[in-house]
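Below, read A as the first sequence line, B as the second, and so on, with proteins coming before strands; counting in each chain starts at 1. Values below: all heavy atoms of this structure, side chains included; hydrogens, waters and symmetry mates excluded.
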There are 2 protein chains.
Amino acid sequence: MRISKKTEYAVHSILYISNKNRCVLLDELAMQGISREYLAKVMRMLTKSKILKSSVGVNGGYVLARTADMITLEDIFNAVEGENFYKCEAEARRCVLGEDCRLSAIFQDAREKFLEELRKYTIADIISGLDSELSWLKAEVT
Amino acid sequence: MRISKKTEYAVHSILYISNKNRCVLLDELAMQGISREYLAKVMRMLTKSKILKSSVGVNGGYVLARTADMITLEDIFNAVEGENFYKCEAEARRCVLGEDCRLSAIFQDAREKFLEELRKYTIADIISGLDSELSWLKAEVT
DNA sequence: GAGAGGATACTCGGATAGATGCTGTCCGAGTAACTGGGG
DNA sequence: CCCCAGTTACTCGGACAGCATCTATCCGAGTATCCTCTC
């Protein structure tokens with residue numbers, strides 16, 4: 001079980017946009033060292049999940065769809081990580097657990113605990129904890 | 001982020017062994033409909049993690065290495081799911097979060113919450129909750 | 001009856017291959033703003 | 001000054017390829033038990 005790079009790309013890009021507080025181009029985000037085209041897909045997921053708003057055409061780009069204190073890590077995680085967490089295949093086999101398989105419920109509960117933890121942190125929280133000297137976030141990209 | 005079939009195979013096999021309370025053959029476990037050779041690899045992981053004890057040769061097979069109430073779902077999960085949960089790639093890029101990346105710590109904490117939940121359930125707990133009528137676990141394999 | 005040696009029944013573990021999802025790339029389509037020319 | 005058409009600057013989204021991991025299969029190696037033969 002692992003968290004994909006999509007989540008990291010998404011969080012970092014949202015932090016960047018939030019800090020700039022203006023419409024940000026895909027090219028600018030990709031300067032973090034992320035594959036531009038791949039990042040584009042991640043940005044589209046975030047747009048579809050209503051975390052970002054995008055505008056196409058000249059002067060287009062991405063802005064937050066709501067304020068940074070209303071965007072949690074859980075929101076981002078749910079937007080980019082698939083929902084295929086666990087599916088008991090009892091139907092397909094002679095399942096040990098009979099018809100009322102509890103395993104699936106237990107794993108879902110555990111996943112919920114995981115999400116609860118992520119829900120505690122907003123983008124605003126993380127930005128306020130940043131060391132402004134070390135972060136390139138504070139500097140304009142040249 | 002998803003849980004692999006290995007975990008399901010492992011839990012179901014351990015439940016079976018625990019209920020039989022004797023040395024169980026790989027072939028018998030594979031009758032659940034699991035690929036025999038693949039299951040063998042999962043069983044080896046469980047053996048290496050000291051959850052099962054295996055004996056080779058005639059009259060060989062698998063037994064629990066400790067009682068069912070001392071085996072939690074967390075034990076099983078850790079035995080079969082890899083440890084590559086999340087690794088911040090900040091070093092490889094101009095990371096938004098500077099040197100003190102909190103993201104990694106947050107995800108580890110969330111994972112810990114996930115494991116805490118799994119830790120609440122032992123094999124004994126799950127077996128005691130089984131509906132004995134519905135479960136093939138109670139019947140001898142013919 | 002006892003010991004030796006072979007047959008048997010298992011797990012171990014490496015090699016391999018297909019399936020699936022992650023990561024990255026390419027490119028045409030669509031869209032909105034800007035620009036320049038004609039009325 | 002205004003409108004229209006063309007250009008430009010973006011995102012959207014489908015197609016594709018490489019790769020890692022998951023899942024599955026195959027098979028020889030190793031090992032412990034059982035059986036049989038011989039004395």
Side-chain angles (χ1 to χ4, degrees), chain A residues 1-10 12-13 17 22-65 77 79-87 89 92-93, chain B residues 1-10 12-13 17 22-65 77 79-87 89 92-93:
Chain A
M1 191 176 78
R2 41 199 299 277
I3 292 179
S4 73
K5 287 186 181 181
K6 289 196 291 286
T7 299
E8 183 178 333
Y9 292 170
H12 284 195
S13 295
I17 295 170
R22 59 169 167 77
C23 197
V24 174
L25 295 181
L26 183 59
D27 282 322
E28 193 174 343
L29 293 170
M31 284 184 184
Q32 297 175 58
I34 304 173
S35 151
R36 183 184 184 281
E37 299 299 327
Y38 188 53
L39 180 59
K41 293 197 192 315
V42 176
M43 300 306 281
R44 243 167 277 146
M45 291 180 192
L46 296 171
T47 302
K48 280 192 175 177
S49 297
K50 305 289 177 60
I51 294 171
L52 298 179
K53 276 189 293 189
S54 69
S55 46
V56 298
V58 177
N59 296 336
Y62 302 93
V63 294
L64 299 190
F77 182 85
V80 300
E81 297 283 340
E83 287 298 312
N84 303 324
F85 181 62
Y86 178 74
K87 173 74 175 63
E89 305 200 348
R93 298 205 322 279
Chain B
M1 192 176 77
R2 41 199 297 277
I3 292 179
S4 74
K5 286 185 180 182
K6 288 197 291 286
T7 299
E8 184 178 333
Y9 292 170
H12 284 195
S13 295
I17 295 170
R22 59 167 167 78
C23 196
V24 173
L25 296 181
L26 183 59
D27 282 322
E28 194 174 343
L29 293 170
M31 283 184 184
Q32 296 175 59
I34 304 173
S35 152
R36 183 184 183 280
E37 298 298 326
Y38 188 52
L39 180 59
K41 293 199 190 315
V42 176
M43 300 305 281
R44 244 167 276 146
M45 291 180 192
L46 296 171
T47 302
K48 279 192 176 178
S49 297
K50 306 288 177 61
I51 294 172
L52 298 180
K53 276 189 293 192
S54 68
S55 46
V56 300
V58 177
N59 296 334
Y62 302 93
V63 294
L64 300 189
F77 182 84
V80 300
E81 298 282 340
E83 287 297 311
N84 304 323
F85 181 60
Y86 179 74
K87 172 73 176 62
E89 304 200 351
R93 297 207 322 279

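Contact annotation: the side chain of B:Met1 approaches that of A:Phe85 to within less than 4.5 Å [non-hydrogen atoms, C-beta and beyond]. Proximity of B:Val42 to B:Val80: side-chain heavy atoms (C-beta onward) are separated by under 4.5 Å at one or more points. Counting only heavy atoms from C-beta outward, the side chains of B:Gln32 and B:Ser13 approach each other to under 4.5 Å.
Phosphate proximity of D:dC22 to B:Ser4: absent, as no side-chain N or O sits under 4.0 Å from OP1 or OP2. Under 4.0 angstrom from either OP1 or OP2 of C:dG24 there lies at least one side-chain N or O belonging to A:Lys5. Listed pair A:Asn59 / D:dA9 fails the phosphate criterion, with no side-chain N or O lying under 4.0 Å from OP1 or OP2. Dashed line: the shortest gap from a side-chain N or O of A:Tyr9 to OP1 or OP2 of C:dG24 is under 4.0 Å.
Straight-line distance from the CD atom of B:Glu8 to the C1' atom of D:dC22: 14 Å, rounded to whole Å. Atom CG of A:Leu39 and atom C1' of C:dC22 are 15 Å apart (whole Å). Between A:Asn84 atom CG and C:dA19 atom P the separation is 19 Å, expressed in whole Å. In this structure, OH of A:Tyr38 is placed 15 Å from C1' of D:dG13, rounded to the nearest angstrom. Rounding to whole angstrom units, CG of residue B:Asp27 and P of C:dA9 are separated by 12 Å. In this entry the distance linking CZ of A:Phe85 with C1' of D:dC22 reads 16 Å, nearest Å. Between the CD atom of B:Gln32 and the P atom of D:dA24 there is a distance of 13 Å, given to the nearest Å. Per the geometry, CE belonging to A:Met43 stands 11 Å off C1' belonging to D:dT11, to the nearest Å.
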Protein-nucleic acid N or O pairs under 3.5 Å, nucleotides 35-37 of chain D:
none

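Nearest-nucleotide positions on DNA chain D place A:Met1 closer to the 5' end than the other of B:Arg36 and A:Met1. If you find the closest nucleotide of DNA chain D to B:Glu81 and to A:Tyr62, the one lying nearer the 5' end belongs to A:Tyr62.
In this structure, the nucleotide among D:dA24, C:dT11, C:dC27 sitting nearest to the side chain of A:Glu37 is C:dC27. Side-chain proximity of B:Lys6 to C:dC22, D:dC22, D:dC10: nearest is D:dC22.
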Donor-acceptor contacts under 3.5 Å from residues 49-65 of chain B side chains, at least two apart:
| unit_1 | atom_1 | unit_2 | atom_2 | d |
| --- | --- | --- | --- | --- |
| B:Ser49 | OG | B:Met45 | O | 3.1 |

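Scanning atom types as modelled, one donor and one acceptor separated by under 3.5 angstrom connect the side chain of B:Lys41 and the base of C:dG14.
Between A:Glu8 and B:Lys87 there is no salt bridge, since none of the side-chain N atoms of the basic residue sits less than 4.0 Å from a carboxylate O of the acidic one.
For B:Phe77, the ring-ring contact (aromatic ring centres under 6.0 Å, His included) partners two or more places apart in sequence, or in a different chain, are B:Phe114. Applying the salt bridge (charged side-chain N to carboxylate O under 4.0 Å, His left out) test to A:Lys6 and every residue at least two apart in sequence or in another chain returns nothing.
For residues 31-46 of chain A, the salt bridge (charged side-chain N to carboxylate O under 4.0 Å, His left out) pairs, not counting sequence neighbours, are A:Asp27-A:Arg36.
Taking a 4.0 Å limit (strictly below) on heavy-atom distances, residues 44-58 of chain B reaches DNA chain D at B:Val56, B:Gly57, B:Val58.
The closest donor-acceptor contact from the side chain of B:Glu81 to the backbone of B:Ser4 lies under 3.5 Å.
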List the steps, then state whether side-chain contact (heavy atoms from CB on, under 4.5 Å) holds for A:Ile34 with A:Leu29. CA-CA 8 Å; A:Ile34 304 173; A:Leu29 293 170; over 6 Å; no
